[in-house]
J.: 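Before anything else, here's the structure in question.
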Amino acid sequence: MFEHEKTLIQKEFDQFAADRHLQQALLGWRGLPFSGEWGLALPFFPVAAADPRKSLPVPLHAQNLAEAFAGSLSQIPGISRVQAVKGYVNLYFSTPYFAKQLVEEVRRQGNRFGYNQPAGKPVMVEYSNPNTHKPLHVGHLRNMILGGAVCNLLEASGRNVIRANYIGDIGLHVIKWMCNYETYHQGEEPSADKMRWMSDIYTEADRRFSDEPGFEEKVRAYFSRWDAQDPDVIALWEKTRAWSMEGMMQVYELMGYRFDRIYFESEVEDSGKDVVHHLISSGLAQDGRPENPVIINLDELLGTKEEYRVVVILRSDGSSLYATKEIPLAVMKFEEYGLAESIYVIDVRQSLHMKQMAKVLELMGYPWASQIHHLAYEIVNLPGNVTMSSRDGTVVLLDDLVREATERALSVVREKNPTLPQESMLSIAREVALGAIKYPMISRENTKIVTFDWQTALDFEGQSAPYIQYAAVRAKSILRKAAGIEIKDPHYDYLLSTPEVNLIEKISKLPDEIQRAAKELKPSLIAVYAYELARIFNDFYNQCKVLGEEPKIQNARLALVDAARIALEEVLVILGIKAPQLM
RNA sequence: GCCUUCGUAGCUCAAUGGACAGAGCAGUAGCCUUCUAAGCUAUUGGUUGCGCGUUCGAGUCGCGCCGAAGGCACCA
C-alpha cells in the first residue's frame with residue numbers, strides 16, 4: 001500500500017538531494033513507533049552520514065536535513081502533516097482518506113486481501129514425513145504445522161505450491177510391527193481409531209524388542225523373510241500399510257492437512273540402487289564391498305576439509321539407506337512437476353545430510369540442484385531442555401494431547417455456552433484445542449527449540465490461538481447482531497479514537513507481512529502478527545462501542561469490524577487454525 | 001578436533017541495523033445490568049551471557065571467549 005505516495009515523496013527527495021549535492025540514497029521507509037496516529041517515518045541518518053560537507057555530528061545534521069526536507073515538501077494528497085523529529089521525517093497520513101481506502105479494499109478483496117495471484121513454475125514443499133506402523137508424537141506435530149503453514153504462506157505470496165509427503169513404509173520399524181502382530185495379534189483387525197490401534201501394537205513391539213528375550217531374534221528372522229520376498233510377508237505388509245495409511249489420513253483430516261503427492265520409501269528403493277550403480281560407474285562413488293559400504297567422499301572430490309564429509313549410499317551388504325533413496329526421489333520430484341524449487345521441511349539434525357544430498361545432485365549434473373532448500377527446524381523438548389524419549393516414556397503422543405486439550409476446551413465451552421447442541425460444543429472445543437496445540441509450534445522461530453509443557457499447551461488464555469480465535473469470534477458476533485443493518489459507504493472523517501487508528505494501521509500491514517514471511521519461510525512472523533492484530537482488536541472492542549452508536553460512526557465501525565474479521569480469519573487460515581463461529 | 005544453531009524480565013517468548021528493548025505466564029490490586037470476562041485496566045520486573053570491533057546508530061552484523069543443544073562412515 002501507499003506505493004503511489006512513496007513514489008511521490010521519493011521524487012521530491014531526489015530533487016532535494018540533487019539541490020544540496022547529497023548522495024541520493026534510497027529512502028528507507030519505516031513505520032511510526034507512536035500509536036494513535038498513522039503514518040510513515042524516514043530516517044535521515046544515512047543521508048547525513050554520507051554528506052561529505054557535514055560539520056556537525058550525524059544525529060544533529062540528520063535533524064537539520066530532516067527539518068529542511070520537511071519544510072520543502074509540497075502538499076501531497078493523503079498526507080496531512082509532516083514533522084522532523086530526532087533525525088526522522090514523520091509523515092502523518094490523512095486518516096479519513098486512507099482509512100476509507102483500506103477498509104474498502106479489504107472488504108472488496110475479502111479473504112484474498114494481501115494475496116498475490118499464483119504464477120510461475122511450482123514449488124514443492126515436502127513435509128510431515130511420518131513412518132507407517134508407528135505412533136505420532138508432538139515432534140511430528142511441529143513438522144506438520146510448520147510445513148502446512150509454509151505451504152499456505154507461499155500460496156498467499158503468489159506461488160504455485162505442491163504439497164508433498166514422503167512416507168517411511170519400509171524398514172526395521174515395519175518388520176518389528178509385523179513380527180509382533182504375527183506372533184501375538186494374529187488375525188486381529190483394527191478398531192475405528194486405526195492410528196491408535198496401529199500405534200499400540202508398535203509400542204508393544206518396541207518394548208518386546210528391547211525387553212523380551214528372544215524377540216529380537218524373531219524380528220531378525222522375520223527380516224530375512226522380507227528380504228527373500230516371502231509372499232505371506234509381502235501380503236501382510238500391503239494390508240497393514242493400508243491400515244496405517246487410513247489411520248494417518250484420519251489424523252490429517254482431523255488436524256486439517258492435505259497433500260497433493262505422497263511418495264513412499266518403497267517406491268524409490270529400486271531406483272535408488274540403480275542410481276548407486278550409475279554413481280559407481282561414473283567414478284563419483286567408491287564401491288568398497290563386500291567389506292566396506294559404497295561411499296561418496298565429497299571432501300576428497302571437492303578438495304574441502306571436514307566440510308562435506310563422506311556419504312554412505314549403500315550398505316556393505318547391498319541394502320539401501322536413507323541416502324540411497326533421497327537421490328531418485330529428488331529427481332522424480334523435479335521431473336514430474338518441472339519444479340522451480342524444492343523445499344524440504346526436516347529437522348535441523350539432518351542439515352549435513354541435506355547439504356550432502358544437494359551437493360551429490362549437483363555433481364551428477366542436475367542444474368536444479370541449487371534449487372533444493374532445507375527448511376531446518378529445531379525439535380520439541382520438555383522443560384529443562386529434556387529431549388523426549390520413548391524409552392523413558394516421556395514422549396507426548398499426539399493422540400493423548402488432542403484428547404486432553406479437547407476435554408479441557410469442552411468444559412469451558414459447556415460453561416460459557418450451555419444451551420448449544422452437543423455436536424456444536426464438541427466442534428468448537430476441537431477447533432479451540434487444535435488451535436491451542438498448534439500455536440506454540442508455529443509462533444517460535446524455526447531455529448529455536450520449542451519447549452513443550454502441558455500447562456502451557458492447555459492454557460487457553462493470553463498469547464495463544466484461543467485468544468486470536470476469540471477476537472475473531474467477537475468480531476463475528478458484532479456483525480451477526482448487526483445482521484439487519486446494511487453497511488453503507490463508510491466515512492472516517494469523524495474524530496477517530498486511538499484504538500481505531502491502531503487497528504486500521506495494523507490491518508494495512510498484512511500484505512507486507514505475508515510477503516516477508518513467505519520470503520523468509522517464517523510462519524512465526526504471521527503468528528506474532530496474528531496475536532498483535534487480535535490484541536489491537538480487543539483494545540478496540542473494549543474502548544469503542546459499535547452497535548448503538550450514532551448511525552455514521554456505527555456504519556464506519558461496522559465496516560472496520562468486518563475488515564478486522566477478514567484479516568483475523570485470513571491469518572488464522574495461513575497458520576492452519578480454524579476460527580469458530582462461537583466460543 | 002571440525003561444523004551448525006541457540007543465549008533477551010523469575011518462566012515461555014517477541015522486536016526490517018533506527019526513536020524509550022515489548023508481550024504473555026506467574027505475583028499484587030481492580031473491572032461482568034454494557035457488541036461474549038477464553039476479555040480488559042493498573043502495578044512489579046532488564047548491564048539483551050561476557051569482551052572487542054564495524055557503523056551516524058548494534059539485542060540484531062563480524063571476531064574472540066563462556067554456557068546449552070545438535071551433527072560429523074554403513075540410523076532416519
Side-chain angles (χ1 to χ4, degrees), chain A residues 28-34 41 43-46 48-50 54 57-62 85-88 90 129 131 168 171-173 265 288 292-295 297 305-317 319 321-323 326 346-353 355 376 378-379 381 383 385 387 409 412-413 415-417 432 436 440 443-445 447-451 453 455-456 459-467 469-471 473-475 477-482 512 516 524-525 527-528 531-532 535 538-539 541-549 557-558 561 582-583:
Chain A
W29 300 95
R30 315 200 64 80
L32 279 176
F34 319 108
F44 267 67
F45 304 104
K54 67 169 187 290
V58 170
L60 288 175
H61 192 48
V85 185
K86 292 183 182 175
Y88 293 81
N90 292 336
N129 299 7
N131 287 326
L172 182 61
H173 64 281
E265 232 180 290
N292 292 303
V294 180
I295 61 160
N297 191 334
K305 232 182 115 185
E306 295 190 63
E307 190 181 347
Y308 287 95
R309 313 270 170 171
V310 167
V311 207
V312 177
I313 53 170
L314 200 69
R315 284 201 189 90
S316 46
D317 66 3
S319 61
L321 290 151
Y322 188 60
E326 277 294 323
I346 306 181
D347 84 60
V348 69
R349 292 174 296 192
Q350 291 181 49
S351 294
L352 176 62
H353 167 80
K355 189 171 139 185
E378 263 291 0
I379 58 171
N381 276 350
N385 214 8
T387 301
V412 181
V413 178
E415 196 181 306
K416 297 188 54 146
N417 307 78
V432 170
S443 58
R444 279 107 173 102
E445 273 199 62
T447 50
K448 296 200 178 177
I449 293 169
V450 165
T451 304
D453 71 286
Q455 208 188 328
T456 313
D459 186 4
F460 303 145
E461 286 165 17
Q463 251 169 32
S464 65
Y467 180 94
Q469 291 169 314
Y470 190 60
V473 164
R474 281 176 145 181
S477 175
I478 293 176
L479 295 166
R480 195 169 41 243
K481 290 238 158 85
D512 283 349
R516 190 161 71 96
S524 64
L525 297 176
V528 170
Y531 171 72
E532 287 170 355
R535 188 156 48 82
N538 275 331
D539 195 29
Y541 183 92
N542 278 290
Q543 293 186 51
C544 302
K545 197 170 163 57
V546 179
L547 301 175
E549 267 291 345
R557 286 186 177 165
L558 272 176
V561 169
L582 289 173
M583 272 175 80

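To find a chain, count down the sequence lines: A is the first, B the second, and so on, and within it residues start at 1.
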J.: So, does A:K448 get its side chain near the phosphate of B:G7, meaning an N or O under 4.0 Å from OP1 or OP2?
T.: yes
J.: Heavy atoms only, 4.0 Å cut-off, all strands: where does A:V473 land among base, sugar-phosphate and nothing?
T.: base
J.: Report, one pair per line, the protein and nucleotides 23-25 of chain B atoms (nitrogen or oxygen only) whose separation is under 3.5 Å.
T.:
unit_1 : atom_1 : unit_2 : atom_2 : d
B:A23  : O2'    : A:Q463 : NE2    : 2.9
B:A23  : O2'    : A:Y531 : OH     : 2.8
B:A23  : N3     : A:Q463 : NE2    : 3.0
B:G24  : O2'    : A:Q463 : N      : 3.2

J.: Which part of the nucleic acid, if any, lies within contact of A:V85, taking any heavy atom under 4.0 Å across all strands shown: a base, the sugar-phosphate backbone alone, or nothing?
T.: base
J.: Do A:K54 side-chain atoms and A:A49 backbone N/O form a donor-acceptor pair below 3.5 Å?
T.: yes
J.: From NE2 of A:H61 over to P of B:G57, roughly how many Å is that when rounded to an integer?
T.: 15 Å
J.: Given B:A68, B:C56, B:A73, identify the nucleotide with an atom nearest to the side chain of A:N385.
T.: B:A68
J.: Looking for any heavy atom pair under 4.0 Å, which part of the strands does A:V561 touch: base, sugar-phosphate only, or nothing?
T.: nothing
J.: Measure distances between side-chain N and O atoms of A:R480 and base N and O atoms of B:C35, and say whether any donor-acceptor pair falls under 3.5 Å.
T.: no
J.: Quick one: which of B:C35, B:A19, B:C2 gets closest to the side chain of A:L547?
T.: B:C35
J.: Can you check the A:K86 NZ to B:C20 C1' distance for me, whole Å?
T.: 7 Å
J.: In this structure, how many angstroms lie between the C1' atom of B:A73 and the OH atom of A:Y322, rounded?
T.: 18 Å
J.: Quick check on B:G18: is either OP1 or OP2 less than 4.0 Å from any side-chain nitrogen or oxygen of A:R30?
T.: yes
J.: At 4.0 Å (heavy atoms only), tell me whether A:L321 reaches a base, stays on the sugar-phosphate, or touches nothing.
T.: sugar-phosphate
J.: Would the base of B:C74 count as contacting A:S316 through its side chain, where contact means a donor and an acceptor less than 3.5 Å apart?
T.: yes
J.: Considering every strand and a 4.0 Å limit on heavy-atom distances, what is the contact class for A:P440: base, sugar-phosphate, or nothing?
T.: nothing
J.: So A:L525, base contact, sugar-phosphate only, or nothing? Heavy-atom distance under 4.0 Å.
T.: sugar-phosphate
J.: Within the 4.5 Å heavy-atom criterion, are A:I478 and A:L558 side-chain neighbours or not?
T.: yes
J.: Does OP1 or OP2 of B:C3 have a side-chain N or O of A:K355 closer than 4.0 Å?
T.: no
J.: For A:E445, which contact category applies under a 4.0 Å heavy-atom criterion: base, sugar-phosphate, or nothing?
T.: sugar-phosphate
J.: Could you check if a side-chain atom of A:V432 sits within less than 4.5 angstrom of a side-chain atom of A:V413, using non-hydrogen atoms only?
T.: no
J.: Return the nearest nucleotide to the side chain of A:D539; candidates are B:C74, B:U41, B:U16.
T.: B:U41
J.: How does RNA chain B read in dot-bracket, base by base from 5' to 3', with Watson-Crick or G-U pairs under 3.5 Å and | used when the partner is on another strand?
T.: (((((((..((((....[...)))).(((((.......))))).....(((((..]....))))))))))))....
J.: What are the two closest heavy atoms between A:G28 and A:P43, and how far apart are they?
T.: O-CD, 3.0 Å
J.: With a non-hydrogen cut-off below 4.0 angstrom, is A:N90 in contact with a base, only sugar-phosphate, or nothing?
T.: base
J.: On RNA chain B, compare the nucleotides closest to A:N381 and A:I449; which residue's is nearer the 5' end?
T.: A:I449
J.: Compare the minimum distances between each of B:A37, B:C6, B:U16 and the side chain of A:Y541, then state the nucleotide with the smallest one.
T.: B:A37
J.: Would you say A:R444 reaches B:A14's phosphate, i.e. side-chain N/O to OP1/OP2 under 4.0 Å?
T.: no
J.: Examine B:C13: is either OP1 or OP2 under 4.0 Å from a nitrogen or oxygen in the side chain of A:T451? Give yes or no.
T.: yes
J.: Base, sugar-phosphate or nothing for A:R474? Non-hydrogen atoms, less than 4.0 Å.
T.: sugar-phosphate
J.: So, is B:C32 syn or anti if syn means the angle is within 90° of 0?
T.: syn
J.: Touch check for A:K481, heavy atoms < 4.0 angstrom, all strands: base, sugar-phosphate only, or nothing?
T.: sugar-phosphate
J.: What nucleotide, of B:C56, B:G18, B:C72, holds the atom closest to the side chain of A:R309?
T.: B:C72
J.: Would you give the length of the straight line joining atom CG of A:L525 to atom CG of A:D512, rounded to the nearest 0.5 angstrom?
T.: 12.0 Å
J.: Which residue, A:V432 or A:I379, contacts RNA chain B at a nucleotide closer to its 5' end, judged by nearest heavy atom?
T.: A:V432
J.: Whole angstrom is fine here: how far is it from NZ in A:K54 over to C1' in B:C56?
T.: 7 Å
J.: In whole Å, what separates the P atom of B:G71 from that of B:G57?
T.: 41 Å
J.: Is the aromatic ring centre of A:F45 closer than 5.5 Å to the centre of the six-membered base ring of B:G18, with the two planes inclined by less than 30°?
T.: yes
J.: Does this structure show an ion pair linking A:R349 with A:D347, if we count only N-O contacts that are shorter than 4.0 Å?
T.: yes
J.: How many whole angstroms separate atom CG of A:N538 from atom P of B:G39?
T.: 8 Å
J.: Check every strand shown and say whether A:F460 touches a base, only sugar-phosphate, or nothing at a heavy-atom separation below 4.0 Å.
T.: base
J.: May I ask you to say what A:A50 touches in the nucleic acid, namely base, sugar-phosphate or nothing, with a heavy-atom cut-off under 4.0 Å?
T.: nothing
J.: Name the closest nucleotide to the A:L352 side chain, picking from B:A15, B:C56, B:G71.
T.: B:G71
J.: Where is the tightest heavy-atom contact between A:N381 and A:N385, given as atom of each residue plus distance?
T.: ND2-OD1, 2.7 Å
J.: Which whole number of Å gives the distance between the P atom of B:G70 and that of B:U43?
T.: 43 Å
J.: Once you round it to whole Å, what is the distance between P of B:G39 and CD of A:Q543?
T.: 17 Å
J.: Is there a donor and acceptor pair, one atom on the side chain of A:R315 and one on the base of B:C74, closer than 3.5 Å?
T.: no
J.: Scan A:V546 against the nucleic acid and name what it touches under 4.0 Å (heavy atoms): base, sugar-phosphate only, or nothing.
T.: base
J.: Is there a donor-acceptor pair closer than 3.5 Å between any side-chain N or O of A:R444 and the backbone N or O of A:I449?
T.: no
J.: Under a 3.5 Å distance rule, please check whether A:N542 uses its side chain to pair with a backbone N or O of A:N538 as donor and acceptor.
T.: yes
J.: Please tell me if A:S351 has a side-chain N or O lying less than 4.0 Å from either OP1 or OP2 of B:U4.
T.: no
J.: Measure across A:Y88 and A:A41 and return the closest heavy-atom pair with its distance rounded to 0.1 Å.
T.: CD2-CB, 4.4 Å
J.: Just wondering, do A:E326 and A:Y322 contact through their side chains at under 4.5 Å, heavy atoms?
T.: yes
J.: How close or far is atom C1' of B:C13 from atom CD of A:E378, stated in whole angstroms?
T.: 16 Å
